[in-house]
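Reviewing the structure listed below.
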Amino acid sequence: MSYTIIVFVKQVPDTKNVTGEAMKPDGTVNRAALPAIFNPEDLNALELALQLKDRFGAKVIVGTMGPPNASEVLRQSLYRGADETVLLTDRAFAGADTLATSYALSCCAKKIGKFDLILCGRQAIDGDTAQVGPQLAEKLNLPQISYVEEVISLDKNKVRAKRAIEGGFEILESPLPALMTVIDANDPRPPAASRLMRFKKAKTKTELLAQHAGANYTDAEFIEGEMQELKKKSLWINELSATEAGADLERTGLKGSPTKVKQIMSVILKGGTFKKIEPTEEGINSLMHELIEDHTLG
Amino acid sequence: MSEKIGNVWIFIEQEGGKIANVSLELVSKGKELATKLGVKTEAVYIGNNLESSVSTLYHYGCDTVYLSEDPRFEPFTVLPYARTIVSLVKEHRPNIILFGATHKGRELGPRVASTLLCGLTADCTDLQIDDFDDKIGQKQYKNKLMQIRPAFGGNIIATIVNTWQDPQMVTVRPGVMKLNDPDKSHKGKLVKVKAEIAPEDTVIKVIERMQKEKDIDLQAAPIIVAGGYGLGSKENFKLICDLAKAIGGEVAASRAAVDAGWINHDHQVGQTGVTVRPKLYIACGISGSVQHRAGMAESSKIIAINNDPDAPIFSVAHYGIVGEVNSVIPKLIKAFKAKV
C-alpha cells in the first residue's frame with residue numbers, strides 16, 4: 001500500500017537575518033530587502049514526509065500559497081524528493097490572515113482529493129503564529145497532532161507519533177487521515193544534485209507563458225504542446241487560482257480575514273537611565289554599593 | 001453600542017488540577033480589561049476533579065467559573081476541549097477569550113477560532129482596550145481589544161484588531177502579564193457545565209506520556225544572571241553559575257549559549273525561550289539580539305557586561321560595563337562578598 005502525503009509549505013522572508021536596510025524609516029519592514037527562503041520548519045515537515053516515503057512508500061505532494069515566484073520553494077521540494085507540487089496563487093489570496101490562509105489551503109487539499117496525511121511546519125518565521133496547521137485540520141475535520149518530532153509507526157488505519165509537550169513528550173495515536181505539525185527535530189536533507197539538474201526546469205503555467213512572451217509562436221497550441229511535454233517529464237508545477245481551487249472569494253485574502261493590522265512599529269526597547277560603569281575594582285565596588293543600598297541585592 | 005457586550009473569558013489551563021501560572025496571569029489581565037469594559041471576568045475550567053481549585057480563580061478575580069468535568073478530558077487532547085469551549089461560546093457570547101500561548105493554548109485556540117470563524121492573534125505581549133478606525137474598510141469600532149505582539153522574528157511590534165463579530169480571541173505569552181495579589185475574600189459563582197464530547201472527538205489516543213517539572217522556574221526568580229556566547233566556552237560559562245550562586249540568583253542564557261550546548265533550553269530567555277521580568281537581570285557576554293531583549297527588557301534593573309561598546313544589549317541596560325566578562329565577573333563576586 002502506498003500513502004499519499006500532502007506537505008504545505010511557505011516561502012518566507014528571512015526574518016532571522018534582518019539588517020538595518022530591511023527596516024523602512026516608518027518602522028515597517030521592507031520585505032523586498034529580505035531574501036525569500038523556505039520556511040525552516042516546513043523543511044522539517046517535508047523531511048518527515050520523505051522519511052515516510054522511504055520507510056513505507058508514499059506519494060509526496062507539496063503545496064504552497066503565495067505569489068507566482070513562490071514556485072521556488074516547490075522546486076526546492078522537488079530537488080529533495082517531492083513527487084508533485086501545486087502552487088495556489090491569486091490576487092484574491094493576498095492579505096490573508098491565518099483563518100483565510102487555512103481556508104485556502106483546505107480548498108487545495110480538497111482539490112487534491114484523497115490523502116492519508118497532511119504535514120505542515122509548526123509555524124512560519126515571519127508570523128510565528130503556529131495557527132494555520134490546527135485551523136486547517138479543523139477546516140478539513142481532521143484530527144491533529146501538533147509539535148511532532150517523529151513518526152513511530154504508520155499503517156493503513158493509523159499513525160503513531162512522538163510529539164513535544166512542555167517538559168517532556170507524548171506518543172499519540174490517530175486514525176488516518178490526520179494532520180500533523182512538525183517541529184525542528186530532524187535534519188532536512190539537502191537537495192540531491194541529480195534531482196536539482198532535472199527539476200530546475202520545472203515550471204508553472206505563468207512561468208511557461210513568461211518564458212515564451214514576445215515570441216511570435218506563442219499560440220495556444222504551442223503552449224499546450226510545451227505543457228504536455230513538461231507534464232510527461234514530471235516538470236509541471238500545478239498552478240491554481242482561487243476559482244480553480246474552488247474557493248469562495250468571500251473567504252479568501254483580506255476579505256476573508258477577521259484580523260486587521262492597526263499599527264506596526266519597529267522594536268525600540270529602551271532602558272531607563274543608563275549609567276556607564278568602569279570595569280575596574282572601584283567601578284564595580286561602587287555599582288555593588290548602589291545595588292545593595294537600593295535593596296536590589298543583599 | 002446598542003448591543004450589550006459580552007464578558008471577558010479566560011481559558012484556564014491545568015495539569016492534574018494544578019492551575020498554570022499563565023492562566024492566573026491572564027485572569028489578572030482579564031480582570032483589568034473587564035473592568036474597563038464594565039463586564040464580568042469569567043473562567044472556563046475544563047478537566048476532571050477540579051472543584052477544589054475553583055476558589056483560587058475567584059481569589060485572582062474571576063466572577064464566574066464555568067466548570068466542565070469529565071474523565072474523557074484527561075489526559076488533555078484537543079478535540080474534546082475544543083467542542084466544549086465552542087458550545088459554551090455559542091451559548092454565552094463572550095466579548096474576549098484569552099488563552100495562554102503554551103503548547104496547549106496554541107493547539108486548542110486555533111481549532112476553536114476556526115470553528116467559530118473568528119480571528120485569533122497568537123503570542124500577544126500586551127492587550128489594551130481602544131477604538132479602531134479602519135481606514136481601509138472605512139468602519140469605526142468602539143472599545144476593541146488591541147492585540148499587541150511581536151512579528152517578523154521580533155523585529156516589529158504589530159497591533160492587531162479583530163473586526164468580525166465577537167469573540168476576540170488571543171493567545172498570550174506566559175510571564176508577560178503581571179500577576180495580581182490574590183484576594184481571599186473575593187467570591188464568585190460556579191456554573192457547572194455538561195461536557196460536550198462527540199465520539200469522533202476521542203479518536204486520538206495518548207499511548208505514552210513523559211513529563212517532568214522544569215529544572216528551574218526563571219519567571220519566579222527575582223535575580224537572574226544570564227550568560228551568552230561572549231563567554232567563549234562551557235568552562236567559562238561556569239562563571240555565570242558562580243556569580244548566580246554568590247548573589248542568590250538563577251542561571252539563564254541566551255539562545256546562542258543554549259545552542260552551543262553550555263546549558264539546557266529550560267534556561268533560555270527570549271523569543272523562543274521564556275520571558276522574564278526580575279528585579280535584577282545581569283547579562284554577561286550577551287550581545288542582545290532583538291529576540292533576547294524581547295524576553296528580558298521589562299526587568300526592573302539590567303546590568304550588561306560586554307566587550308563591544310556597541311552591543312545592542314546596552315540599549316536596554318541601566319548599568320553598562322564595557323569589558324571582558326571573564327575578568328569582570330570575578331570582580332563582581334569579590335565586591336559583593338566584601339559588601340555583605
Side-chain angles (χ1 to χ4, degrees), chain A residues 15-16 18 23 27 29 97-99 102 125-131 134-135 137-139 143-147 160 165-175 258-267 269-277 279 281 284-285 287-289 291-292 296-298, chain B residues 78-79 102-103 106-107 110-111 113-115 118-123 132 134 146 151-164 203-214 247 279-280 290 293 297 301-302 315-323 328 331-332 335-336 339-340:
Chain A
T15 56
K16 295 280 182 262
V18 173
M23 301 303 293
V29 177
D97 70 1
T98 63
L99 190 74
S102 61
I125 58 170
D126 53 348
D128 292 318
T129 73
Q131 289 177 182
Q135 289 182 319
E138 193 280 334
K139 296 267 171 286
Q144 70 189 54
I145 306 182
S146 322
Y147 306 98
R160 198 177 265 206
I165 57 173
E166 271 132 2
F169 67 87
E170 271 179 349
I171 293 174
L172 298 183
E173 187 178 279
S174 169
T259 57
K260 304 275 182 263
V261 177
K262 184 194 181 195
Q263 192 185 21
I264 298 267
M265 285 187 305
S266 62
V267 172
L269 297 170
K270 269 242 165 286
T273 52
F274 179 79
K275 195 165 171 182
K276 193 173 174 202
I277 306 288
E281 274 190 28
I284 287 167
N285 274 331
L287 168 66
M288 268 307 159
H289 183 73
L291 292 174
I292 291 167
T296 304
L297 273 180
Chain B
V78 170
L79 301 178
T102 57
H103 277 208
R106 296 183 81 189
E107 57 181 344
R111 190 94 197 185
S114 181
T115 310
C118 66
L120 173 64
T121 301
D123 238 359
F132 174 47
D134 180 5
M146 300 296 118
F152 261 76
N155 294 284
I156 59 170
I157 298 282
T159 303
I160 315 274
V161 184
N162 179 6
T163 56
W164 287 9
V203 292
I204 293 214
K205 304 271 179 262
V206 179
I207 307 294
E208 194 185 327
R209 187 156 213 263
M210 211 289 292
Q211 193 170 29
K212 65 170 180 66
E213 290 279 308
K214 276 196 170 182
I247 63 174
K279 209 163 69 166
L280 177 65
V290 66
R293 282 179 285 150
K301 281 234 162 72
I302 296 167
S315 71
V316 295
H318 304 90
Y319 300 97
I321 306 176
V322 178
V328 171
K331 284 182 194 148
L332 279 168
F336 180 76
K339 296 272 176 201
V340 186

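Protein chains get the first letters and strands the later ones, always in sequence-line order, with residue 1 at the start of each.
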Heavy-atom cut-off 4.5 Å, strictly under: side chain, backbone, both or neither for A:Ile165 against chain B?
both
Structural part of A:Phe169 lying under 4.5 Å from a heavy atom of chain B:
both
Quick check on [X] against chain A: is it the side chain, the backbone, both or neither that has a heavy atom closer than 4.5 Å?
X	answer
B:Val78	side chain
B:Lys212	both
B:Asp123	side chain

Mind checking the CZ-NZ spacing from A:Arg160 to B:Lys205? Nearest 0.5 Å is all I need.
11.5 Å
State the CG-CG distance between B:Leu332 and A:Asn285, to the nearest 0.5 angstrom.
9.5 Å
Name the residue from A:Gln263, A:Lys260, A:Met265 that meets the side-chain contact (heavy atoms from CB on, under 4.5 Å) definition with B:Thr159.
A:Gln263
Under 3.5 Å, is there a donor-acceptor pair between the side chain of [X] and the main chain of [Y]?
X	Y	value
B:Arg209	A:Leu172	no
A:Thr259	B:Val161	no
B:Glu107	A:Pro134	no

Do A:Leu291 and B:Ile247 have side chains that approach each other closer than 4.5 Å (heavy atoms only, starting at C-beta)?
no
